[in-house]
Colleague: 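Please read through the structure below; I'll follow up with questions.
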Amino acid sequence: MVVAGILSYPKPSAALSYGTAGFRARAELLDSTLYRMGLLAVLRSRSRGGLAVGLMVTASHNGPLDNGIKLVDVEGGMLATAWEEDATRLANAPDDQAEHVLAAIAARRGAAGGDGEVAGGAAPPRAAVFVARDTRTHSARLAAIALEAVGVLEGRGVDMGVLTTPQLHHIVRHHNGPLAAGERLPHPPTLYTTSSATTTDLSLQESTSLAHPPSTPHREHLPRPPTLYTTSSATTTDLSLQESTSLAHPPSTPHREHLPRPPTLYTTSSATTTDLSLQESTSLAHPPSTPHREHLSHPPILCTTSSATTTDLSLQESTSLTHPPSTPHREHVGPREWASEEGYYEMLTRAYATLVPPAARSSDRGPLWIDAACGVGAPKLLAMQEALLALGLRVHVANGVGDGELNSGCGAEHVQKARLPPRGFEARLAGFDRACSLDGDADRLVYHYWTESNEWKLLDGDKIAALFSCFLMEQLAAAKLDKPLRVACVQTAYANGAAGAYIRGLGMEVPMAKTGVKFLHHEALHFDLAVYFEANGHGTILFSDAAVSALLQTQADAEAQGDAPRAAAARCLLATKQLINQAVGDAISDFLLVEAVLCLRGWGVSQWDALYSDLPSRQTKLPVAERAAIATTADETRVTTPPALQPELDALMARFARGRCFVRPSGTEDVVRVYAEAATQAEADELALLTAQATHKLAGGVGEMPDKAVA
Ligand SMILES: CC(=O)N[C@H]1[C@@H](OP(=O)(O)O)O[C@H](CO)[C@@H](O)[C@@H]1O
């Protein structure tokens, strides 16, 4: 059946690569990739004892004709690097060899077996693959192809419907819970001799460190009889789980449409949330007898700072002292009840309520205007709108699905790259003093506003990182932890020079990572507490288990000593951890934290903007004959190939006061990207153009010599 399936979705001639953020291509080229990635996702899940993995159908900030795939690994983060290589190999295998490539991957990764053609002895653990999609017109069809493939390998495919990318990460993370923790720690590769004497394979290292070695009773829970999910609650029944019992979804099968759903008020405690997904979920990876359920039996902590009635599940989670600081990262995962879209809203609104107590909710704060890029962020924001209003946060959602072309003239990518306001916000709008833009799958966020003097100003990922950094440092100072935490803000070469200087001035380390959030995320894992952001607005804050444990201890000590300010600071940091997505950058959770911090400080957007002044910068891009022919140093700030290019760029930089420029091949588009910074905007623009021209001349530019910046 696997072979028949592969042959029914022939591979296009174009080469496909699992780039900086998954596969991206014209939608019509992706059928075979979706099918094959459905198969691969099954292997990945099997290799981790049947823990769920996610498959997101999206091309993020790309135009509406493109689509793509982002695979979500078992701990809720991005796919392990070694599996990315497998993904590329499998996507590009000729049709008549793809099954062999798949079988080789399965054997190498300890994922063979079962009744499918990818067989090899004992039945493997049953895989679980959660498939979600954005709002592109072709996404539903492509998601169905992935689900079909999952079914062919007898995995449990769950159609999660339309979600933001970070929501899928969140659901996978909370579904698998602490069982998925303990892998992908930032350590050097280890040589594994079990599979091949020459294989240095992190993924194999991972699979040997499973919480569930093959002998664990995982498979006892599978297969389960299909569960009938009848509607019991109009607001919270998760239709996607009705679909979970269907293992093979032929592309022609119309999937249930999950959108738009009526906005739901998420203000109450879990008493009103009857989430059938959770009934189902509890019978999978976390049997009641496992110690992980201990998280749910701790008495909840009442967060008196926010509201006497708020029982905070995250703090319930945090009260678990079963994971001392020495245990691996990421064991303070939230409760299983959050492993659903409703759970996501619940988690965020509760955290916001804790962080911004009623006394801090000023009624004269104007609404926030949110540009949703005509993408999936819009319906998700609408679903939260009433709950946010109840917490004193008024949001106005613009550029919703169908209001215009996705990511075109609107959205975070357009705003940040073109340095232009989005459609609908071209001039000051009465009543709106601040606005923000999401991208097409709602994992990026930038803010912007019009000044009193009618100047449009952008607050990009660097500014968000600076706001979060100063807030964290302030709260850490007030919490007076017994042992200081190692705190950092991870950036890339695209970070504005002024941002790095400001953050270093706060006393934080500022390590640099390669472009691509996965690199920032991995770097952030080296620290107890780390903010990471790309200038384009993709980022989050990671709290290590050591940090969470230290904060819990501080809170308990301070409360016992009657030190209210210290206890409040620790509680505030724990609520921040609950609000900010621990799996991946998330525009919705990021904007909630921005709003919370501004509210707590009584700041308007201009005061935030005044933290530091950006050095003027400009980005552009150009096509070249072979972008892979351009190589850079590890930090991407200098070109190593072609050798003549860097001396030319050095000479250009020397001509401009505070001049800095670099070029690198894009991992998501067939272009070379150019970045330039200088003392004035005119000089930054000129340096960017000269850099693009030098690249065109020395690195095989195609078409006309660039004569202006291109967003
Ligand atoms: C300069 C820039 O913004 N590059 C973006 C872009 O990658 P490129 O490899 O530059 O195409 O898309 C990535 C995925 O979204 C994101 O991580 C990265 O920051």
Side-chain angles (χ1 to χ4, degrees), residues 17-25 56 58-63 66-72 77-79 81 84 134 164-166 169 373 375 377 406-407 411-419 437-446 458 460-462 464-465 490-496 499 512-524 532-540 584-587 590 617-624 627-628 630-632 634-637 660-677 688 691-692 695 709-711:
S17 156
Y18 199 95
T20 325
F23 290 103
R24 300 228 185 135
M56 181 73 198
T58 183
S60 190
H61 61 265
N62 287 34
D66 286 353
N67 216 315
I69 304 169
K70 293 179 177 179
L71 289 166
V72 179
M78 280 161 278
L79 185 66
T81 310
E84 289 184 358
D134 69 11
T164 70
T165 297
H169 282 266
L406 180 71
N407 293 321
E413 172 76 356
H414 164 79
V415 166
Q416 192 255 344
K417 290 287 182 332
R419 310 225 155 210
S437 292
L438 281 47
D439 73 339
D441 63 341
D443 60 5
R444 289 193 196 174
L445 173 77
V446 294
L458 170 71
D460 62 4
D462 297 342
I464 297 171
V490 186
Q491 299 188 320
T492 71
Y494 289 98
N496 194 278
M512 302 298 276
K514 264 171 67 122
T515 302
V517 268
K518 66 186 176 196
F519 299 113
L520 286 95
H521 189 98
H522 288 165
E523 184 60 34
Y532 71 80
F533 262 89
E534 296 196 289
N536 60 34
H538 196 160
T540 189
V584 78
D586 179 345
D590 287 342
S617 67
R618 176 64 64 195
Q619 287 192 50
T620 182
K621 59 188 179 186
L622 68 154
V624 294
R627 75 186 142 126
I630 296 184
T632 69
D635 66 2
E636 300 182 315
T637 56
R660 179 168 83 94
C661 69
F662 65 89
V663 301
R664 55 172 279 280
S666 162
T668 58
E669 285 178 58
D670 197 10
V671 294
V672 172
R673 294 201 192 279
V674 171
Y675 178 87
E677 219 171 74
T691 304
T695 307
V710 184

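One-based numbering, in listed order, for ligands and for the atoms of each.
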Colleague: Pick out which of Q416, E413, H538 makes a side chain to side chain donor-acceptor pair (under 3.5 Å) with R444.
Modeller: E413
Colleague: Tell me, please, which residues at least two apart from Y675 pass ring-ring contact (aromatic ring centres under 6.0 Å, His included).
Modeller: Y494, F662
Colleague: Could you pull out all residues at least two apart from A513 that satisfy side chain to side chain contact (heavy atoms under 4.5 Å, CB included)?
Modeller: V490, F519, L520, E523
Colleague: For D441, enumerate each residue passing the salt bridge (charged side-chain N to carboxylate O under 4.0 Å, His left out) test, keeping only those at least two apart in sequence or located in another chain.
Modeller: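 D441 satisfies salt bridge (charged side-chain N to carboxylate O under 4.0 Å, His left out) with K70 once adjacent residues are dropped.
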Colleague: Tell me which residues fall inside the under-4.0 Å heavy-atom shell around ligand 1.
Modeller: T20, A21, R24, H61, K417, R444, Y494, T515, G516, V517, E534, N536, Q619, R664, S666, G667, T668, R673
Colleague: Within the distance-only criterion (no hydrogens, no angle test), does the side chain of R627 pair as donor or acceptor with the backbone N or O of S666 below 3.5 angstrom?
Modeller: yes
Colleague: With rounding to the nearest 0.5 angstrom, report the CG to NZ distance, D635 to K514.
Modeller: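 Output value for this atom pair is 10.5 Å.
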